[in-house]
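Order of the sequence lines fixes the chain letters, A, B, ..., with proteins taken first and strands second; residue numbering starts at 1 for each chain.
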Number of protein chains: 2
Amino acid sequence: MTAAEKHQVSRKSARPPRGGSRLNGRAGIRDVAAAAGVSITTVSDALNGKGRLPDATRRHVREVAERLGYRPSAAARTLRTGKSGLIGLTVTTYGEEPFTFTEFAYFAEMARAATSAALARGYALVILPAPARHSPFDVWSNVALDGTVVIDPSDQDPVVSELVRSGLPVVSDGRPSGSLPVTAWVDNDHEEAVTGLLDHLAESGARRIGLLTGTSTDTYTRLSTTAYLEWCERVGQDPVYETYPAHDPCAGAIAADRLLARPDRPDAVYGLFDPNGTDLLAAARRYGLRVPEDLLLVCCSESTVYATTEPPITTLSLKPGRIGNTVIQLLIDTIEGIGPTRPVQQVMPTDLIVRTSSQRRGTRTTVSAPRAPASD
Amino acid sequence: MTAAEKHQVSRKSARPPRGGSRLNGRAGIRDVAAAAGVSITTVSDALNGKGRLPDATRRHVREVAERLGYRPSAAARTLRTGKSGLIGLTVTTYGEEPFTFTEFAYFAEMARAATSAALARGYALVILPAPARHSPFDVWSNVALDGTVVIDPSDQDPVVSELVRSGLPVVSDGRPSGSLPVTAWVDNDHEEAVTGLLDHLAESGARRIGLLTGTSTDTYTRLSTTAYLEWCERVGQDPVYETYPAHDPCAGAIAADRLLARPDRPDAVYGLFDPNGTDLLAAARRYGLRVPEDLLLVCCSESTVYATTEPPITTLSLKPGRIGNTVIQLLIDTIEGIGPTRPVQQVMPTDLIVRTSSQRRGTRTTVSAPRAPASD
DNA sequence: TTGAAAGCGCTAACAG
DNA sequence: CTGTTAGCGCTTTCAA
């Protein structure tokens, strides 16, 4: 027996004509082809709407496929085409838990919008952990992704650099801190937002506006704080602020207290983080300060609870839904090679939701949209 | 040229030795094998911890792979092994939006826990839409899943039956309404929960307990309502309840109002749905009823806002985190063929978080855990 | 102990 | 217009 003969044996005779549905009982494309009396190409084309088949054939094939309960193998398609239709979604974690992502209203809403937008374009989102320190499995390398969304990438995030290096498009929510080479990013116009909100407080009669900010160096904190300091300089007010580690909820309450205990107590405060509203309200109560009579309050939050606090608190909304949607459009455009028609950096406006806590005189209920979006 | 010869030609000569990294620039397993001077089998074994290779070889291969930045192709692995490491997560939707899943604290927490549990076992969650009416793409068939988690499957859910029919394990959160053949389900012990909570209200002095319930026929509503009616019968109280379409937020407020406007006004109310607490509180205020002096209140909710309402409202927590975790364990056990060591149905306890709104006398702060879990 | 080879099920060239 | 065929990159018998 020659090598060639042996080859032929193993290739031809030793194998049944392959109708034997290896798919664990389920029908494969070959079964459909056989049952419909056509070739597998025709089946593939008919089902994918490709090629120039007569409508009759197409219908027939689809019918047979349906009858056999045929489900194309996503794995095979992915391997062949190189596209999985899957987009990773990851959030930098602050604590122990791999997932804080539904805990904050911002992330929850952002994720919801992103999921929705992705599905509308035929992609699904896979929730993945941030750089896992002790992860027993490397889930990242076990899933075929077409691209990734990173929320709040930390400085020099190893996952991001790794992904980008392997040629995967990465779009971040929040501008990357260091020189992370993300494909694109989307972020709010934080300077504009803070400036607008401080103006609003000043218009409401605030003379000395305080700030409750974080100790970390992420861009959100940095940009917001800088904007505050610049605003103070411009209007000639001495900055009054307290900082605390934003991830520690107790520290926030203490910092709020510190801020109101100062000799140069502010008559208005802006809190950068979600819980600051309630913390400041509690602190104000302790010091016998009435809101908004003695103290004006604004905080950055997506939470609806501030609509029903006593009094309702004015909030700055970062519009996470809009951001989630934009991030996904940008990412999918990149994946499909449509971009970059859009800019690689996109700055989105915020919404100031004015409630009782920031209105000392009159009852104007203005909603400022500091700047029109770059597009969209 | 014979057929055999032709075959050999096409198989051997016409193809380069395949080192030419088709992977869009990235290294493939063959590149690693070549660079390490071993066969691809050895590379595969070395990286996957299989086979009985000398430690030296294994280390060497890993080193080379690392150096080349080799990332195994998840798609190829999936195709070959039939396992993707992906689990679908879907929520029955009530409105227009394909995703309400982060909107309710229950879903958000359940999803968080499920994601976390899945990752701990090496799986990732893919968020998928409920049976899409007008979805332009069928995302479901484009992703290779090892199993699916369905939250609140509706009666005769077409997606579920389809999935089960195609041999995919499906575990549901909430017992399936009809005769949905899910692989397993996890649910709270709703009868026990309602009974315990009504007993608590009675102990706090309630004479006539009212119920705010839904018009839909899902098991949660049905079981809870039935438990209420049976409890009433047992203690000899006339049932006092109002129903409304749970998905409509406005209807809830109106129903709450109706309930308190009745001539046989209850002196305690249990609301089955999350917003009922605030709705009932508002209604009580309108009728000049003080809580808890004139009206005792409990509602089923995972929301933290009820800890800070005026007064704080007693809530029944379904412990979605525990459920999410259990669902995932059950599903992965099934996928990996470990089960069913565990029961196919698992009933989980609830927690009554007692706050001011349900305590008329004394200040007992009991947390009742009606019944020990079946296992775990 | 190591390696060659056979595909997993599908799509896309290309030949007929 | 339809069918044949060569792989996508990997794991896994099985033979050396």
Over the length of the helix from C:dT1-D:dA16 to C:dG16-D:dC1, how much do the five-pair end axes diverge, rounded to 10 degrees?
40°
Say you draw a straight line from [atom1] of [X] to [atom2] of [Y]; how long is it, rounded to the nearest 0.5 Å?
{"X": "B:W140", "Y": "B:T90", "atom1": "CH2", "atom2": "OG1", "answer": "4.5 Å"}
{"X": "A:N325", "Y": "A:M110", "atom1": "CG", "atom2": "CE", "answer": "9.5 Å"}
{"X": "B:I335", "Y": "B:L86", "atom1": "CD1", "atom2": "CG", "answer": "10.0 Å"}

Calculate the interatomic distance between [X] atom [atom1] and [N] atom [atom2]; express it in whole Å.
{"X": "B:I40", "N": "C:dG7", "atom1": "CD1", "atom2": "P", "result": "15 Å"}
{"X": "B:N142", "N": "C:dG9", "atom1": "CG", "atom2": "P", "result": "18 Å"}
{"X": "A:R58", "N": "D:dC1", "atom1": "CZ", "atom2": "C1'", "result": "12 Å"}
{"X": "A:L47", "N": "C:dG9", "atom1": "CG", "atom2": "P", "result": "16 Å"}
{"X": "A:K83", "N": "C:dG9", "atom1": "NZ", "atom2": "P", "result": "23 Å"}
{"X": "B:I29", "N": "C:dT2", "atom1": "CD1", "atom2": "P", "result": "15 Å"}
{"X": "B:Y70", "N": "D:dT11", "atom1": "OH", "atom2": "P", "result": "6 Å"}

I want to check something: taking the side chain as every heavy atom from C-beta on, are A:L330 and A:T183 in contact at a cut-off of under 4.5 Å?
no
If you pin A:A75 and B:G37 to their nearest nucleotides in DNA chain C, which one's is more 5'?
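The 5'-side residue here is B:G37.
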If you assign A:P72 and B:S39 each to the DNA chain C nucleotide with the nearest heavy atom, which residue ends up on the more 5' nucleotide?
B:S39
Would the base of D:dT11 count as contacting B:T41 through its side chain, where contact means a donor and an acceptor less than 3.5 Å apart?
no
Between B:S73, B:P72, B:S44, which is the residue that forms a side-chain contact (heavy atoms from CB on, under 4.5 Å) with B:I29?
B:S44
Scan B:V171, B:V170, B:V91 and name whichever one has a side-chain contact (heavy atoms from CB on, under 4.5 Å) with B:V150.
B:V170
Apply the test salt bridge (Lys or Arg N to Asp or Glu O under 4.0 Å) to residues B:E162 and A:R71: give CA-CA distance (whole Å), side-chain angles for both, the deciding distance (0.1 Å), then the verdict.
CA-CA 11 Å; B:E162 168 65 18; A:R71 291 265 147 255; 2.8 Å; yes
Of the listed nucleotides [options], the one nearest the side chain of [X]:
{"X": "B:T81", "options": "D:dG3, C:dT11, D:dT12", "answer": "D:dT12"}
{"X": "A:N48", "options": "C:dT11, C:dA4, D:dT11", "answer": "C:dT11"}
{"X": "A:P54", "options": "C:dA13, D:dG9, D:dT2", "answer": "D:dT2"}
{"X": "A:S44", "options": "C:dT2, D:dT5, C:dT11", "answer": "C:dT11"}
{"X": "A:S73", "options": "D:dG9, C:dT11, C:dC10", "answer": "C:dC10"}
{"X": "B:L79", "options": "C:dA12, C:dC8, D:dC10", "answer": "C:dC8"}
{"X": "B:A76", "options": "C:dC10, D:dC10, C:dG3", "answer": "D:dC10"}
{"X": "A:R77", "options": "C:dG3, C:dT11, D:dG3", "answer": "C:dT11"}

A:D173 side chain to A:D152 main-chain N or O, any donor-acceptor pair under 3.5 Å?
no
Between C:dG3 and B:T42, is there an OP1 or OP2 to side-chain N/O distance shorter than 4.0 Å?
yes
Taking the nucleotide of DNA chain D with the nearest heavy atom to each, does A:R80 or B:D45 sit closer to the 5' end?
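Whichever sits nearer the 5' end wins; that is A:R80.
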